[in-house]
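Heads up, the thing below is written out as structure tokens.
Read the numbers this way: they start at 1 and go in the same order the structure lists the ligands and their atoms. For the single chain, residues carry numbers from 1 onward in sequence order.
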Amino acid sequence: MVDINEVVLLIEDAAVLRHFLRSSLSRQNYEIVEASTGEDGLAKAAQCSPDVILLDLGLPDMDGIEVATRLRDWMETPIIVLSARDQEESKVAALDAGADDYLTKPIGVAELQARIRVALRHSRRKNTPVEEPMFQVDGLRVDLANRKVTLNENELRLTPIEYKLLAYLVRSSGKVIRHRELLQAVWGEEYSTETNYLRIYIKHLRDKIGDDAGNPRFILNEPGIGYRFLGE
Ligand code: CA
């Protein structure tokens with residue numbers, strides 16, 4: 001499944017975790033480059049041009065958020081933040097600084113591998129100029145070219161806002177989208193803090209696409225962070 005030698009840069013000061021991740025990811029044919037400080041990570045990012053970066057937030061010499069900000073000055077490589085459970089605010093800050101996703105420690109290997117695959121797929125897609133016009137998952141079909149949404153072959157009547165919201169989520173399926181980003185994309189810059197809108201419209205959207213917030217099959221709530229569309 002995995003292309004040989006996709007390079008994963010691992011910026012993490014805890015040697016135990018580095019070794020654990022190295023051994024589990026090497027088995028998937030990823031090539032792992034390790035850095036144990038922020039400065040070392042920035043240097044290695046320049047040297048090895050990684051395909052994906054795993055970034056710890058608590059580094060000895062600088063905050064992982066600063067590392068993300070500095071990486072984003074010059075590279076678009078997907079960054080997956082590795083954070084401890086009590087760092088919710090830092091997670092948001094890291095995402096705002098340009099990280100693409102986050103994982104909470106302790107890290108599950110299967111989940112990490114899935115997130116890496118998503119990150120790689122998105123960066124490949126970004127490099128492909130033609131947008132995928134059709135999205136389909138579990139009976140739900142979103143035709144982005146014709147702005148048509150069907151559920152089990154029945155056409156759904158979505159309001160323009162609901163459609164915009166769904167289309168935005170679907171285009172980034174698998175990836176967590178921050179509240180702020182969604183609000184800006186759907187309602188505009190001046191609404192970027194109106195998380196109430198999201199709660200209301202996500203509920204409308206869920207009702208129409210037959211999703212259950214308690215047991216979601218399409219839209220996953222990431223409390224305090226944003227939403228993730230489950231796809232593929
Ligand atoms: Ca650490």
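Applying the ring pair (Phe, Tyr, Trp, His ring centres under 6.0 Å) test to H19 and every residue at least two apart in sequence or in another chain returns nothing. Qualifying side-chain hydrogen bond (donor to acceptor under 3.5 Å, both in side chains) partners for Y168, counting only residues two or more places apart in sequence or in other chains: E181. Every side-chain hydrogen bond (donor to acceptor under 3.5 Å, both in side chains) that E111 has, sequence neighbours left out, goes to R115.
Only protein N, O or S atoms were considered, and those under 3.0 Å from the Ca ion (ligand 1) are D13 OD1, D56 OD2, G58 O.
The pair K44-D40 counts as a salt bridge, with a side-chain nitrogen and a carboxylate oxygen less than 4.0 angstrom apart. Using a cutoff of 4.0 Å between basic side-chain nitrogens and carboxylate oxygens, D96 and R178 are scored as salt-bridged.
Side-chain contact check for D143 and N146: at least one donor-acceptor pair (N or O, by modelled atom type) lies under 3.5 Å.
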